[in-house]
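To keep things clear, I will list the structure first and then write my remarks on it.
Convention: sequence-line order gives letters A, B, ...; per-chain numbering from 1. Keep in mind that the numbers below use all heavy atoms, side chains included, and drop hydrogens, waters and symmetry copies. Please read all numbers here as calculations on a predicted model, not as lab measurements.
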4 protein chains.
Amino acid sequence: MTEADKIEIHGPHANCNARATLTKQSKGERTRARLLEASAAEFASRGFHDTKVSDIVARAGLTQPSFYLYFANKEAAYDELVAIFRRRLRDLVSANRFPEDQDMRPDQIRLRIHHATHTIFEAFDQDRNLTEIGFFQCPLAEEIKTEYACMIAGNILEDQQRGLLRRDIPAELLAQFIVGMVERIIRMKVGKKEREAHVDAMTAFIADGFHAGCERLACPSGPDA
Amino acid sequence: MTEADKIEIHGPHANCNARATLTKQSKGERTRARLLEASAAEFASRGFHDTKVSDIVARAGLTQPSFYLYFANKEAAYDELVAIFRRRLRDLVSANRFPEDQDMRPDQIRLRIHHATHTIFEAFDQDRNLTEIGFFQCPLAEEIKTEYACMIAGNILEDQQRGLLRRDIPAELLAQFIVGMVERIIRMKVGKKEREAHVDAMTAFIADGFHAGCERLACPSGPDA
Amino acid sequence: MTEADKIEIHGPHANCNARATLTKQSKGERTRARLLEASAAEFASRGFHDTKVSDIVARAGLTQPSFYLYFANKEAAYDELVAIFRRRLRDLVSANRFPEDQDMRPDQIRLRIHHATHTIFEAFDQDRNLTEIGFFQCPLAEEIKTEYACMIAGNILEDQQRGLLRRDIPAELLAQFIVGMVERIIRMKVGKKEREAHVDAMTAFIADGFHAGCERLACPSGPDA
Amino acid sequence: MTEADKIEIHGPHANCNARATLTKQSKGERTRARLLEASAAEFASRGFHDTKVSDIVARAGLTQPSFYLYFANKEAAYDELVAIFRRRLRDLVSANRFPEDQDMRPDQIRLRIHHATHTIFEAFDQDRNLTEIGFFQCPLAEEIKTEYACMIAGNILEDQQRGLLRRDIPAELLAQFIVGMVERIIRMKVGKKEREAHVDAMTAFIADGFHAGCERLACPSGPDA
DNA sequence: CATGAATGAGCCTTCATTCAT
DNA sequence: AATGAATGAAGGCTCATTCAT
């Protein structure tokens, strides 16, 4: 799984590692990786049930029994993909955590939101198939999103305690809102430029809601608060 | 389908209607309704592929051939459920539209957001099975959500043009954000009271984002900037 | 299983029951019986592994899915056949038990042996397929034979205690000897007449061993004892 | 095959031979022997069909292709084991034959029976796996037993002609009886001491049947008739 | 001599669907 | 209106066996 990991994702860091280990991979390991990739592609586009093992092996240029040389059964391959996605998401978010001890100026929070959002979209765009499977299609998706939300909630909570964010809405809920927005944006298959625009818009919305730039919107901290 | 519709929903009003029409229903119509309900329950909890026709008829207290007396095939029943959900969602949103000609005071926008959110959650909570199927599980879900987002976007656009909402973010994007948030909240299986809290929180967040009530959050264009 | 029992075996008693219930059998019950018989025939001649479900259903004039309408899987059908055989064997032996209270003259023991032997062979010959499966082929065969031996041992023990049989050999061992002889004789596929001869020979051997009719064989109860 | 033979059996004598030839064995010969032994163990405990080539090679500490270096296929290995058993059984019985020309006193027949029985059990106990396969499990078992019975029948016939045994039962039948008894006893997995008791009991039974030592058993043609 | 890797062939089983009543 | 019984079609998985090194 560790090896497969390196192969499956094509992110910058992963590629570095891959380049280093590619020569060491046995033929079997490469075959396994090919099968995982083929599985991801097929599962992502057809779903678990409508994907036949024969589809996967055909895409990988193998025959059916070979599949069972590397995976106990169809479900095991699927589960492994989900696990890879899950771990990757976890790693991503924890890597994105703001250093606790460091002081943050209030106006930096926008940058943080922007950065986190940008990073997550980049990662999701990296491997569309895995994202499709792990975030939308698999039965564990709900659990994974909840886990994701929890991690975000942790970050939010810190900021709330620092007085950087509103405290009248529970961090968990704010986190869920963000996850929901992320979900929707991921689903919009767009180019790099548009995605950047999305990131900007989302950052702006998270920061100020419908409010910003519209004097007529009754602002609670304004005159009618 | 129209009859089935009346049966499928179990809200108070729906029951009233049902009671009124029950006497008019033939035995066959009632059987069909039972099958639809059983289908919804099974599909919702197991998904399309993992639901066997035998599961459905067992739940409805019938035998397999009876199923085919009322539906062309398994997929037809599923599609019908999706269609019911879709129509219902459409009806709901269009009924919730703010009269175009009417003038709206700036501070009323919060009420509108609150009302729309409240209504939609109530509807989703009404029939969990249908929601699960039509909003999350079916292949058309993406399309349905987009449709939903479009309708919301229409409302937003109007408000933007009236100068009630920020214009720097496209209405379509704002709508998607809201749909995403709705999605996440729906999935949290909670009681009535908590749901109300969610509605409040979501309204507040939509209106002001992370910002409100936190003087330190650098608000680029608000009064405290 | 009870119904199937009546069908599968064609012994005199079974036939009586069958005749009585045949008219009451539903089509499904008859199909099941046909499948059991076909299974018995195929399993007996090919063994469990070399018998394909397709062989069985072909012999029964059905298609594969029908098989699974009546049996959970191939093994279940096999196990049922074994169970039928086992029960039948049990019933047979217990029906053959000599009344405990009744007094028996020493010279009657030959008749008893003859009778028991005759009866068992008749039963085995009745359903060759079941016998093949339950007595020779199935993994439980050893257990079944042991059970059979135990029942015989019970009968022998009584006779030993009455002083009708030698006591220097444990009843269990004598019973095993008999079972072994029975086994061998069953396997000789012969006609009725020859079978009778076998019964006579076996009776004589059990009673007297190599000894009888040969003055030169050192008889322990004779002069050199 | 001849070499394998020496290796396969683990009796004291066999070991002596093995030690003598071990040095002469090439590595391949030793590997082949290991595979045969592993095959015997696996086949004996699981049967032919339930034994996978992968089981065998695993037990032998090899990989699958190695198996095919020494045997044409799975069946070939099995057949070879059966052949080894068969030859061994043949050798044993013929070695046990009483010299035709020699005269035998009537009271010596008990000793002969005892000796033959003792020898055969010892041999069977020697290699349980081979016995399981060749005598019980393989399709040829029936034929092998018949062959065995024939050889015994030959011995019996001689004794009958010498007037040492009863002539009213065909030698073939008597031989079958003995084989049946042997079968059953073999299957009782016991220690050396008990086995001796079995030999004694069987000898006694073969000689005198149920009769001996029980004055009340009506012996039709013996001295106490 | 031995193995990592791959495959051909085939069987069991499932399930949506239909037929006849 | 409903059902007992049956089937067509297809997919997952296993296993003996081989290829290339």
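For the atom pair CZ of R34(A) and CG of L36(A), the computed distance is 12.0 Å after rounding to the nearest 0.5 Å.
The side chain to side chain donor-acceptor pair (under 3.5 Å) check on Q64(B) picks up nothing, with sequence neighbours excluded. Judged as a side chain to side chain donor-acceptor pair (under 3.5 Å), and not counting sequence neighbours, the contacts of D50(D) are H49(C). Partners of F136(A) under the side-chain contact (heavy atoms from CB on, under 4.5 Å) rule, at least two apart in sequence or in another chain, are T131(A), E132(A), K145(A), E183(A), I186(A), R187(A). Applying the ring pair (Phe, Tyr, Trp, His ring centres under 6.0 Å) rule to F48(B) yields the partners F43(B), Y78(B); only residues at least two apart in sequence or on another chain are considered. Residues meeting the side chain to side chain donor-acceptor pair (under 3.5 Å) test with N73(B), sequence neighbours left out: none. Taking the side-chain contact (heavy atoms from CB on, under 4.5 Å) definition, one finds that S45(D) meets it with nothing, sequence neighbours left out. In this structure, the salt bridge (charged side-chain N to carboxylate O under 4.0 Å, His left out) partners of R128(C), at least two apart in sequence or on a different chain, are D125(C).
Contact footprint of chain A on DNA chain F: nucleotides with an atom under 4.0 Å from a non-hydrogen protein atom, first to last in 5' to 3' order, dG11(F) to dC15(F).
DNA chain F lies under 4.0 Å from at least one heavy atom of each of the following residues of residues 45-62 of chain A: T51(A), K52(A), V53(A). Residues from residues 63-75 of chain B that place a heavy atom under 4.0 Å from any atom of DNA chain F, listed by number: T63(B), P65(B), S66(B), L69(B), Y70(B).
For the side chain to side chain contact (heavy atoms under 4.5 Å, CB included) criterion with L35(A), the lone passing option out of L69(A), L62(A), V53(A) is L62(A). Partner of R32(A) under the side chain to side chain donor-acceptor pair (under 3.5 Å) criterion, chosen from E37(A), Q25(A), E80(A): E80(A).
Judged as a salt bridge (Lys or Arg N to Asp or Glu O under 4.0 Å), not a single pair has a partner in residues 62-75 of chain C (not counting sequence neighbours).
The backbone N or O of A76(A) sits nowhere less than 3.5 Å from a side-chain atom of D79(A) that would complete a donor-acceptor pair.
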Secondary-structure notation, DNA chain E, from Watson-Crick and G-U pairs under 3.5 angstrom (| other strand): .||||||||||||||||||||

